[in-house]
Amino acid sequence: IKQQNKQMKIKTITCHEVYNHGASLQEYALLNYLKYLGHESSTIHYKPDYLSQHFNLWRISNPRYAKNIFIKTAYLLAKLPERLKMLKRKKNFDAFSEQHIQATNKLYRTNDELKNDLPDADAYICGSDQIWNSFFPNGKDPSFYLDFVPNNKLKLSYAASFAIDQLEKDIKGFVKEKVSTLDHISVREPSGVDILKDLGIERAIQVLDPVFLLKAADWEKISAKPVEDNYIFVYDCDNDPLIYQFVKKMQKRLNCRIVTVNNNIKYANVDYSLEGPDVFLSLINNAKFVVSNSFHAVAFSIIFQKQFTVFNRFEKINTRMRDVVNLLSIPKALVLDEEQVRNFKHEINYTKMQPQLTSLINKSKDYLKTALQS
């Protein structure tokens with residue numbers, strides 16, 4: 001990739017160290033593409049309280065269990081074995097971050113802390129992932145809109161995702177005010193462009209998730225060695241009965257095993273939920289077929305040119321699934337009901353898709369280069 005003339009110091013902010021495969025890999029992708037362009041890039045080590053509880057051994061997720069000391073003790077003792085086991089996942093994700101994701105030395109926990117000790121940079125980028133999803137606290141956090149950055153600094157979003165079709169009325173004013181301060185605006189889904197147009201912000205464009213900025217060969221370099229052979233890869237956050245029906249049908253058709261990275265999928269032959277992003281990449285790259293309700297499982301299936309289906313999540317965060325298959329003209333890859341499960345015969349033609357995908361990748365890269373040159 002041809003480097004730009006002026007080297008810049010760039011800081012990114014995203015959902016950092018949340019121990020999710022897609023979140024880690026999109027963060028890695030944006031940082032590394034910026035480095036390919038010749039810039040010095042690192043992510044801001046931002047960990048607000050609501051993103052810091054993943055491996056807290058003494059966390060009580062339901063407040064009613066905290067009211068009585070005996071109930072509280074029984075709850076924690078019941079949860080402890082599984083939580084101790086899950087520390088292996090933390091160790092593997094931390095090892096990946098240590099090796100591949102450069103972050104600021106200083107840890108920030110609030111927007112005020114960021115304002116009072118601004119991380120040094122020429123430009124600041126918020127994104128990607130669901131940073132603007134107001135269904136979760138991060139979508140209401142001014143830090144993820146670069147509120148802490150003075151307006152005399154270059155501020156832009158890259159592939160920020162709302163992940164929902166429309167904003168609640170009470171959040172619209174906040175989003176409009178914060179997004180309007182950005183010099184350049186890009187969102188991950190066409191539905192995000194529509195949300196901003198509804199707020200009177202007309203200059204947003206749609207770009208692809210950062211993982212598409214790198215090639216399959218780039219991802220293979222940081223993938224683990226193949227750990228399985230002859231399997232369907234299942235990434236199902238909801239333990240969806242419809243996905244179970246589909247997977248059992250495909251298992252019979254392909255005569256292969258079932259592998260997952262979700263510890264709630266009890267019908268899988270092997271569970272890799274404790275492994276890090278390097279194993280996740282390898283499992284998708286070497287699968288015979290991918291079944292998921294994860295945006296990034298779909299993204300990497302496309303990058304590695306795998307046959308796949310995608311299902312909606314139970315939560316109201318499904319625009320990203322619909323939008324990605326429509327962008328690439330493969331709407332039949334999205335399975336919505338039992339009839340589609342019974343009659344599924346769709347095969348993705350990657351040769352036919354490639355010109356469209358290449359055009360979208362080039363548009364995304366051009367946005368980033370142009371925004372930084374400004």
- Item | Residue pair Ile201, Ser180: steps toward the side-chain contact (heavy atoms from CB on, under 4.5 Å) verdict | CA-CA 7 Å; Ile201 298 173; Ser180 295; 3.7 Å; yes
- Item | Tyr272 and Phe280 aromatic centres sub-6.0 Å |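 Not close enough - the centres of the two rings lie 6.0 Å or further apart.
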- Task: Kindly say whether the aromatic ring centers of Phe135 and Phe162 come within a distance under 6.0 Å.
- Result: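 Between Phe135 and Phe162, the centre distance exceeds or equals 6.0 Å.
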With no hydrogens and no angle check, do the side chains of [X] and [Y] hold a donor and an acceptor under 3.5 Å apart?
X: His296; Y: Gln26; result: no
X: Ser273; Y: Asn263; result: no
X: Asp323; Y: Ser191; result: yes
X: Glu27; Y: Thr12; result: no
X: Glu113; Y: Tyr46; result: no
X: Tyr231; Y: Asn269; result: no
X: Asp112; Y: Thr110; result: no
X: Asn286; Y: Ser282; result: yes

- Hey, are Arg89 and Glu275 close enough for a salt bridge, meaning a charged N less than 4.0 Å from a carboxylate O?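 Salt bridge: no.
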- May I ask you to say whether Lys178 pairs ionically with Asp147, meaning some side-chain N is under 4.0 Å from a carboxylate O?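 Result for this pair is yes, salt bridge flagged.
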Rounded to the nearest 0.5 Å, what separation is found between the [atom1] atom of [X] and the [atom2] atom of [Y]?
X: Asp240; Y: Asn293; atom1: CG; atom2: CG; answer: 6.5 Å
X: Ser157; Y: Leu182; atom1: OG; atom2: CG; answer: 5.5 Å
X: Arg203; Y: Leu196; atom1: CZ; atom2: CG; answer: 9.5 Å
X: Leu274; Y: Lys85; atom1: CG; atom2: NZ; answer: 6.0 Å
X: Lys365; Y: Leu37; atom1: NZ; atom2: CG; answer: 8.5 Å
X: Tyr33; Y: Leu214; atom1: OH; atom2: CG; answer: 9.5 Å

- Message: Show, in sequence, the C-alpha distance, side-chain angles and deciding distance for Asp238 and Asn264, and conclude whether the side-chain contact (heavy atoms from CB on, under 4.5 Å) test is met.
- Response: CA-CA 8 Å; Asp238 298 328; Asn264 61 332; 6.0 Å; no
Atom [atom1] of [X]: over 12 foreign heavy atoms under 6.0 Å:
X: Lys248; atom1: NZ; answer: yes
X: Gln354; atom1: CD; answer: yes
X: Asn105; atom1: CG; answer: no
X: Lys47; atom1: NZ; answer: yes
X: Asp229; atom1: CG; answer: no
X: Lys363; atom1: NZ; answer: yes
X: Asp170; atom1: CG; answer: yes
X: Lys332; atom1: NZ; answer: no

- Message: Quick check on the hydrophobic clustering: are Tyr50 and Ile13 connected, directly or via other members, by side-chain heavy-atom contacts under 4.5 Å?
- Response: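 In one cluster: yes.
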- Message: Would you say Leu107 ends up clustered with Leu118 if hydrophobic residues are merged whenever their side chains have heavy atoms under 4.5 Å apart, either directly or through other cluster members?
- Response: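 No: no chain of side-chain contacts under 4.5 Å links Leu118 to Leu107.
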Identify the two heavy atoms, one from [X] and one from [Y], that lie closest to each other, and give their separation to 0.1 Å.
X: Leu372; Y: Met8; value: O-SD, 3.5 Å
X: Val290; Y: Ala297; value: CG1-O, 4.5 Å
X: Leu328; Y: Leu360; value: CD2-CD1, 3.8 Å
X: His45; Y: Thr104; value: N-OG1, 3.0 Å
X: Asp271; Y: Val261; value: OD1-C, 4.2 Å
X: Ala159; Y: Ser128; value: O-OG, 2.6 Å

- Query: Counting distance only, does the side-chain N/O of Asn20 pair as donor-acceptor with the main-chain N or O of Gly22 below 3.5 Å?
  - Reply: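 Confirmed, Asn20 side chain pairs with Gly22 backbone.
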- Message: Using modelled atom types and a 3.5 Å cut-off, is there a donor and acceptor pairing between side-chain atoms of Asn262 and backbone atoms of Ile265?
- Response: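 Side chain of Asn262 to backbone of Ile265, a donor-acceptor pair under 3.5 Å: no, none is there.
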- Take Phe233 and Thr260 through the side-chain contact (heavy atoms from CB on, under 4.5 Å) test and state the conclusion after the steps. CA-CA 6 Å; Phe233 177 69; Thr260 188; 5.8 Å; no
- Query: Checking ring-ring contact (aromatic ring centres under 6.0 Å, His included) for the pair Tyr267/Tyr244: CA distance, chi angles, key distance, verdict?
  - Reply: CA-CA 8 Å; Tyr267 58 85; Tyr244 172 76; 4.7 Å; yes
- Task: Take Lys172 and Asp198 through the salt bridge (Lys or Arg N to Asp or Glu O under 4.0 Å) test and state the conclusion after the steps.
- Result: CA-CA 9 Å; Lys172 285 185 176 183; Asp198 182 56; 3.2 Å; yes
Minimum side-chain heavy-atom gap [X]-[Y] below 4.5 Å:
X: Leu51; Y: Phe136; value: no
X: Tyr36; Y: Leu213; value: no
X: Val310; Y: Val335; value: no

- For a ring pair (Phe, Tyr, Trp, His ring centres under 6.0 Å) with Trp219, tell me which candidate from Phe304, Phe300, Phe212 qualifies.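 It is Phe300, the one option of Phe304, Phe300, Phe212 that forms the ring pair (Phe, Tyr, Trp, His ring centres under 6.0 Å) with Trp219.
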- Message: As a test of understanding, state which of Phe344, Phe246, Phe295 forms a ring pair (Phe, Tyr, Trp, His ring centres under 6.0 Å) with Phe311.
- Response: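 Testing Phe311 for a ring pair (Phe, Tyr, Trp, His ring centres under 6.0 Å) against Phe344, Phe246, Phe295 leaves exactly one candidate, Phe246.
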- Query: Would Tyr145 and Val179 count as a side-chain contact (heavy atoms from CB on, under 4.5 Å) if you check the C-alpha gap in whole Å, the side-chain angles of each, and the deciding distance to 0.1 Å?
  - Reply: CA-CA 6 Å; Tyr145 299 83; Val179 173; 3.7 Å; yes
- Stepwise, does the side-chain hydrogen bond (donor to acceptor under 3.5 Å, both in side chains) test hold for Ser329 with Gln356? CA-CA 9 Å; Ser329 303; Gln356 198 167 347; 3.0 Å; yes
- Message: If you apply the rule salt bridge (Lys or Arg N to Asp or Glu O under 4.0 Å), what do you find for Arg188 with Asp209, and how did you get there?
- Response: CA-CA 6 Å; Arg188 195 173 67 184; Asp209 189 273; 3.0 Å; yes
- Verify salt bridge (Lys or Arg N to Asp or Glu O under 4.0 Å) between Lys155 and Asp183, making sure each step is shown before the conclusion. CA-CA 5 Å; Lys155 302 195 288 182; Asp183 298 299; over 6 Å; no
- Query: Taking the inter-plane angle between the rings of Tyr124 and Phe148 on a 0 to 90° scale, is it parallel (under 30°), tilted (30 to 60°) or perpendicular (over 60°)?
  - Reply: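 Rings of Tyr124 and Phe148: perpendicular, as their planes differ by over 60°.
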- Could you walk me through whether Arg322 and Glu189 pass the salt bridge (Lys or Arg N to Asp or Glu O under 4.0 Å) check? CA-CA 9 Å; Arg322 182 199 65 216; Glu189 289 91 20; over 6 Å; no
